[in-house]
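Protein chains get the first letters and strands the later ones, always in sequence-line order, with residue 1 at the start of each.
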There are 2 protein chains.
Amino acid sequence: MLSIEILKNIGIFENLNERELKLLLNISRMRHFEKGEVLFYEKEKAKYLTMLLEGVIKIYKVDPKNNEIILHRFVPKNFVAEMAVFEGVAYPASAAFETDGSVLEIDFEKFKENFFSNPEITLELFKSLTQKIKYLDNVIALTVVLDSTARVAKYICENEEALSMKHNKLAQYLHITPETLSRIFKKFSKLGFIEKHGSVYEILDREALEILFE
Amino acid sequence: MLSIEILKNIGIFENLNERELKLLLNISRMRHFEKGEVLFYEKEKAKYLTMLLEGVIKIYKVDPKNNEIILHRFVPKNFVAEMAVFEGVAYPASAAFETDGSVLEIDFEKFKENFFSNPEITLELFKSLTQKIKYLDNVIALTVVLDSTARVAKYICENEEALSMKHNKLAQYLHITPETLSRIFKKFSKLGFIEKHGSVYEILDREALEILFE
DNA sequence: AAATAGAGTTGATATACGTCAATAATGAGA
DNA sequence: TCTCATTATTGACGTATATCAACTCTATTT
């Protein structure tokens, strides 16, 4: 059940006073989702300002061959696709839960009326928007600019967890097939850039990898 | 020479009072550029809040083979790469003038101090940021999700001017080679989807083209 | 320990585009 | 109108990556 306590624990709202928190509570609700459930589909009209409270959400597009192209994974507590609500346009991508989770849904018109004059709130919203620009830029930098080899090199250099991820998940992230990923890992191993310890890889020559994508 | 008159004619500033305009004038300057000149390079630190006043700017990344990947073309009067200034990070792409032009450079820290409490200004900045998200989304929708044929179909359906553009410019936009573009146009002509009249193409079967990218 | 399913690997093959080179069409200047 | 430079087209070929299928490894269940 949604409560003032929960709202208070969300960074962007922590400095709201009691009156404001009550108001916010009145224009919000919490919804729970199970793993696999879809929060929204691409091209659906955005209705609420949505913040992820618990769980992991993947944001993805579907290409003509029905491949999922994952743009980003969100963890709490972040606004999801606020751009679409701000602009009153359709969602540019779909969102689905990868674990059980919950979101906060806020009536956007009322939120705008009551909270947009609060500089702390607007500054947070700015940050949230610029963050989204960075995520999209990252997708482009990774997917449009680099070839598969460079993409893998960049990703494992910049995301420690990539080395212990399941390869088919990682491949999905990088928009390549598991087969291609396997071949690239093999190549890097042969070149002595990485080494396998059990099921986890270790980077031996970070500089060499960096040369590949810079 | 930069003047209050010029500032007054910029949409986002049109409701500022005399005092505010003078303040803005004090923290701004105008810079002129010639066709081909670079406004900023990718990875450079952003120093000023920049608005394009005259001319056309292309925003592009460079891939490892030194191909330019054009993300967007800006026309007046738009903020350019404000995200980088907001976040105090490096520009995620380069910007160069495609015609002679000029920009307004605003001292961001002082602008923030003095104008961020003005809801009209912040709302415009929101719009500008969400617009950028849409541009990037478009690049992804076009380049990552669709293959060349679908990309061309989408672009000529959604951008009338594409039909009379020079093919090598169009190809650059779509991140394909002129050869590939030529082959796709030929294919569309053979299929009766488009027809050439002089140097301009005409769409005969819009629905067929739409099926290709939907 | 045996059985089984999922994940990862490998090789053979297909395909979409890019590259290169030659040629053709177009358009601007003399 | 002719010339020259740019732009567009075409064909032959190369390359990166996807696809498909077989196989191996690993981990979990019984």
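- One finds no salt bridge joining B:Lys154 and B:Glu214 here, because no Lys/Arg side-chain nitrogen approaches an Asp/Glu carboxylate oxygen to under 4.0 Å.
- The aromatic rings of B:Tyr135 and B:His72 sit parallel, their planes meeting at an angle under 30°, below the 60° perpendicular limit.
- Nucleotide D:dT19 holds its P atom 12 Å from the CG atom of A:Asn66, rounded to whole Å.
- Atoms CG (B:Asp147) and P (D:dA18) sit 14 Å apart, rounded to a whole Å.
- Spacing between atom CZ of A:Arg183 and atom P of D:dA16 amounts to 13 Å, rounded to whole angstrom units.
- Between A:Lys65 atom NZ and D:dC20 atom C1' the separation is 14 Å, expressed in whole Å.
- Between the CG atom of B:Asp63 and the P atom of C:dC17 there is a distance of 17 Å, given to the nearest Å.
- Closest to the side chain of A:Glu179, from the set D:dC20, D:dG11, C:dC17, is D:dC20.
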Can you check side-chain contact (heavy atoms from CB on, under 4.5 Å) on A:Glu105 and A:Leu49, steps first, answer last?
CA-CA 6 Å; A:Glu105 289 185 343; A:Leu49 180 59; over 6 Å; no
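- Following rounding to the nearest Å, B:Asn67 (CG) and C:dG18 (P) show an atom-to-atom distance of 9 Å.
- Contact between the side-chain N/O atoms of B:Ser182 and the OP1/OP2 oxygens of D:dA8 is not found at any separation under 4.0 Å.
- Salt-bridge check for A:Glu98 with A:Arg73: passed, with a basic side-chain N closer than 4.0 Å to an acidic carboxylate O.
- Taking the six-membered ring for Trp, B:Phe86 and B:Phe108 have ring centres closer than 6.0 Å.
- A centroid separation of 6.0 Å or more is found between the aromatic rings of B:His167 and B:Tyr173.
- A distance below 6.0 Å separates the ring centres of B:Phe116 and A:Phe126.
- Comment: A:Arg151 does not engage A:Glu158 in a salt bridge, judged by the lack of any side-chain N to carboxylate O separation of less than 4.0 angstrom.
- Proximity of residues 151-177 of chain A to DNA chain C (heavy atom under 4.0 angstrom from any strand atom) is restricted to A:Lys166, A:His167, A:Asn168.
- Listed by residue number, the members of residues 184-202 of chain A with any heavy atom below 4.0 angstrom from DNA chain D form an empty set.
- Counting all heavy atoms, side chain and backbone alike, A:Ala81 lies closest to A:Lys132 at N-CE, 4.4 Å.
- Considering only side-chain N and O atoms, A:Thr180 lies under 4.0 angstrom from the phosphate OP1 or OP2 of D:dA18.
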